[in-house]
Number of protein chains: 2
Amino acid sequence: MLNVTASNDRPHTLCQYCFFREPGCSKLCGKTSSDMHQLKKKETLFYEGDRFKGLIQILNGTIKVTKYLDDGRRFIVGFYHRGDVIWLTTDGRYSYTAEAITDIKYTVFSLDWLSHDPHSLDAVVASRFLSFMCGDLEVSHDHMMLLARKSSIERLSSFLLQHAERMKTLDRGMVLLPMSRGDMADHLGMTTETVCRTLKKMKQLRVINIDHVKIIRFLNIDALQSFAEGRDELLPAV
Amino acid sequence: MLNVTASNDRPHTLCQYCFFREPGCSKLCGKTSSDMHQLKKKETLFYEGDRFKGLIQILNGTIKVTKYLDDGRRFIVGFYHRGDVIWLTTDGRYSYTAEAITDIKYTVFSLDWLSHDPHSLDAVVASRFLSFMCGDLEVSHDHMMLLARKSSIERLSSFLLQHAERMKTLDRGMVLLPMSRGDMADHLGMTTETVCRTLKKMKQLRVINIDHVKIIRFLNIDALQSFAEGRDELLPAV
DNA sequence: CGTGCCTTTGAAAGAGCTCAATCCTGGTGG
DNA sequence: CCACCAGGATTGAGCTCTTTCAAAGGCACG
């Protein structure tokens, strides 16, 4: 059996109780281990329509945040791992559903100081939020480019590289994929079947290896990066 | 001849010199007409790689903000009209190109107070920024859902409704489309040809009318909204 | 060691894309 | 005021990448 969450339990290099992702920032966040919550795999953090609980930071494990269309079509806004912060509401209610992909631990920051009285917002904290959100916005724009213009192999290459970058949990080019093929598909605007076939094709091209359903290994990062950036010169001619 | 920009010159209901989009906020923004710049149609505000000039607010006209892939594939992040603010950089350089679609007027806010010294950031201003960006992020998520999962008629319905909402410039359900078909395509992840064909189909379904290449009129808003939300029950069976 | 869910594979169909030609329209110059 | 031009818009035909539908395979978990 493969224990997928185990490898996430390595020592933390960031402050593990706050959203600043920096070592030793306890004076800013004031968080301790007693603020920690947990959920089991497949349990739900919040549903669309739920009241905003506050700012959520994932301490351990992975969650997915999903939007639905009436007829069931889904889009996964993103996957959130250790250290990531979920900040997804303008009007006090979530328009997303968040579900644990693995067992998770998380912290909630209530946002009294960010309510309707802007004077209560500390400038330092606000500045941090701004750069967080600015980064998120840039990520969103890149992802829109991916969805609007990239082919399936380009999408998966981009995704794998970006995911590996965020999930530095395994060694020697090995990357853990805690989410299902269907989840990847819903994040990348594809179908489960196309994700499978494209991964297979990448394996045949010797760009990656599929060591296990949930563990892929990079064999040719340069090629991956070429694909991710839309240069497909290594693809066999049709 | 059709003067496309004329209809944008109606009296402003918002503060026209600042990014707060509120009437009479001069004490916050400190802007006057002397801060105004202009550009002609097709001229460029900034190129990818340009140094961040500051926060740009469009006072009049429309611009498009574009991202490019190496091989020329394009994605238009968004169209910005009167009152909109462009805030697109994390590292001091633009990773986008901004081009005027019509003649435009705009203001630049230099961001000395948002530099590396977070204490110089006024909490009120920061709070405003936060809600702006939060809104942008939500718009981005909706757009990703559109790109990932919606059909061409659903994309165009969503776009037309959203665009009309932001461009309340014409009466009786008429909407001005300052951008070309190709621009719409690059925003919606389609091709010029598919945009044309889909608009034609919507016209045949009597959901819209194309009064002029750049002016469409809503004939059945309910149907449009159904399409936009992914309910295609009005579509003729195949 | 069975069961159910997820993954993989196959075959056929289709939505949207590509390439190419033609049509408009607004702007230009006479 | 009119003819002409260039660039965008439209239309057509064929094609391709993905999707859809269906079935089989494999693995984790009880």
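Below, all heavy atoms of this structure are taken into account, side chains as well, without hydrogens, waters or symmetry copies. Lettering of chains follows the sequences in order, A, B, ..., and the numbering in each one begins at 1.
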Less than 3.5 Å apart, which donor and acceptor atoms pair up between the side chains of residues 218-225 of chain A and the rest of the protein, not counting sequence neighbours?
unit_1 : atom_1 : unit_2 : atom_2 : d
A/N220 : OD1    : A/D222 : N      : 3.3
A/N220 : OD1    : A/A223 : N      : 3.0

**Request:** Take the C1' atoms of the five end pairs on each side of the helix from C/dC1-D/dG30 to C/dG30-D/dC1, derive the two axes, and give their angle rounded to 10 degrees.
**Result:** 50°
**Request:** Please list, by residue number, the residues of residues 193-200 of chain A whose heavy atoms come closer than 4.0 Å to an atom of DNA chain D; answer none if no residue qualifies.
**Result:** A/E193, A/T194, A/R197
**Message:** Could you tell me how far apart A/R149 (CZ) and C/dC17 (P) are, to the nearest whole angstrom?
**Reply:** 7 Å
**Item:** Heavy-atom donor-acceptor pair, A/R74 side chain to A/Y68 backbone, under 3.5 Å
**Value:** no
**Asked** By side-chain hydrogen bond (donor to acceptor under 3.5 Å, both in side chains), which residues pair with A/D50, not counting sequence neighbours?
**Response** none
**Message:** Quick check on D/dG7: is either OP1 or OP2 less than 4.0 Å from any side-chain nitrogen or oxygen of B/K41?
**Reply:** no
**Message:** Please report the distance, rounded to the nearest Å, between CD1 in B/I210 and P in D/dT11.
**Reply:** 8 Å
**Prompt:** Excluding sequence neighbours, so at least two apart, what forms side-chain hydrogen bond (donor to acceptor under 3.5 Å, both in side chains) with A/R166?
**Reply:** A/D84
**Request:** Report the residues that fulfil salt bridge (Lys or Arg N to Asp or Glu O under 4.0 Å) with B/R149, sequence neighbours left out, ordered by chain and then residue number.
**Result:** A/D186
**Asked** Does the B/T102 side chain pair with the main chain of B/T62, one donor and one acceptor, at a distance under 3.5 Å?
**Response** yes
**Prompt:** Any chance the rings of A/Y96 and B/H141 have centres within less than 6.0 Å?
**Reply:** yes
**Asked** Who passes salt bridge (Lys or Arg N to Asp or Glu O under 4.0 Å) against A/K64, sequence neighbours left out?
**Response** A/D183
**Asked** With sequence neighbours left out, what residues match B/R93 under salt bridge (Lys or Arg N to Asp or Glu O under 4.0 Å)?
**Response** none
**Item:** Distance in angstrom units between A/M184 CE and C/dC6 C1', rounded
**Value:** 11 Å
**Request:** Classify the ring geometry between A/F79 and A/H187 as parallel (under 30°), tilted (30 to 60°) or perpendicular (over 60°).
**Result:** perpendicular
**Asked** Between atom CG in B/L177 and atom C1' in D/dG8, what is the gap in whole Å?
**Response** 14 Å
**Request:** Mind calculating the distance between CD1 (B/I215) and C1' (D/dA9) to the nearest angstrom?
**Result:** 16 Å
**Main-chain N/O of A/E154 paired to A/S158 side chain as donor or acceptor, under 3.5 Å** = yes
**Item:** Side-chain N,O (A/K214) to OP1/OP2 (C/dT7) below 4.0 Å
**Value:** yes
**Item:** Protein-nucleotide distance (B/L188, atom CG; C/dA15, atom C1'), rounded to Å
**Value:** 16 Å
**Request:** Would you please name every residue forming a salt bridge (Lys or Arg N to Asp or Glu O under 4.0 Å) with A/D142, sequence neighbours left out?
**Result:** B/K67
**Asked** With respect to the phosphate group of C/dT9, does any side-chain polar atom (N or O) of A/K201 fall under 4.0 Å of OP1 or OP2?
**Response** no
Could you list the donor-acceptor pairs under 3.5 angstrom formed by side chains in residues 38-48 of chain A, with sequence neighbours left out?
unit_1 : atom_1 : unit_2 : atom_2 : d
A/E43  : OE1    : A/K40  : N      : 2.5
A/T44  : OG1    : A/Y47  : OH     : 3.4

**Nucleotide nearest B/R181 when distance is taken to its side chain, options D/dA9, D/dG8, D/dT18** = D/dA9
**Asked** Which of residues 65-78 of chain B sit near DNA chain D, with a heavy atom under 4.0 Å from it?
**Response** none
What N/O pairs connect the protein and nucleotides 23-27 of chain D at under 3.5 Å? Give each pair on its own line.
none

**Item:** A/S180 side-chain N/O to C/dC6 phosphate OP1/OP2 under 4.0 Å
**Value:** no
**Asked** Is B/T191 near enough to C/dC17 that one of its side-chain N or O atoms lies under 4.0 angstrom from OP1 or OP2?
**Response** yes
**Item:** Atom pair distance, as rounded to whole Å: CD1 in B/I101 and P in D/dG8
**Value:** 12 Å
**Request:** Describe, in one word, how the ring planes of A/H37 and A/Y106 are oriented to each other, choosing from parallel (under 30°), tilted (30 to 60°) and perpendicular (over 60°).
**Result:** parallel
**Complete:** Taken to the nearest whole Å, CD1/A/I153 to P/D/dT16 is 18 Å
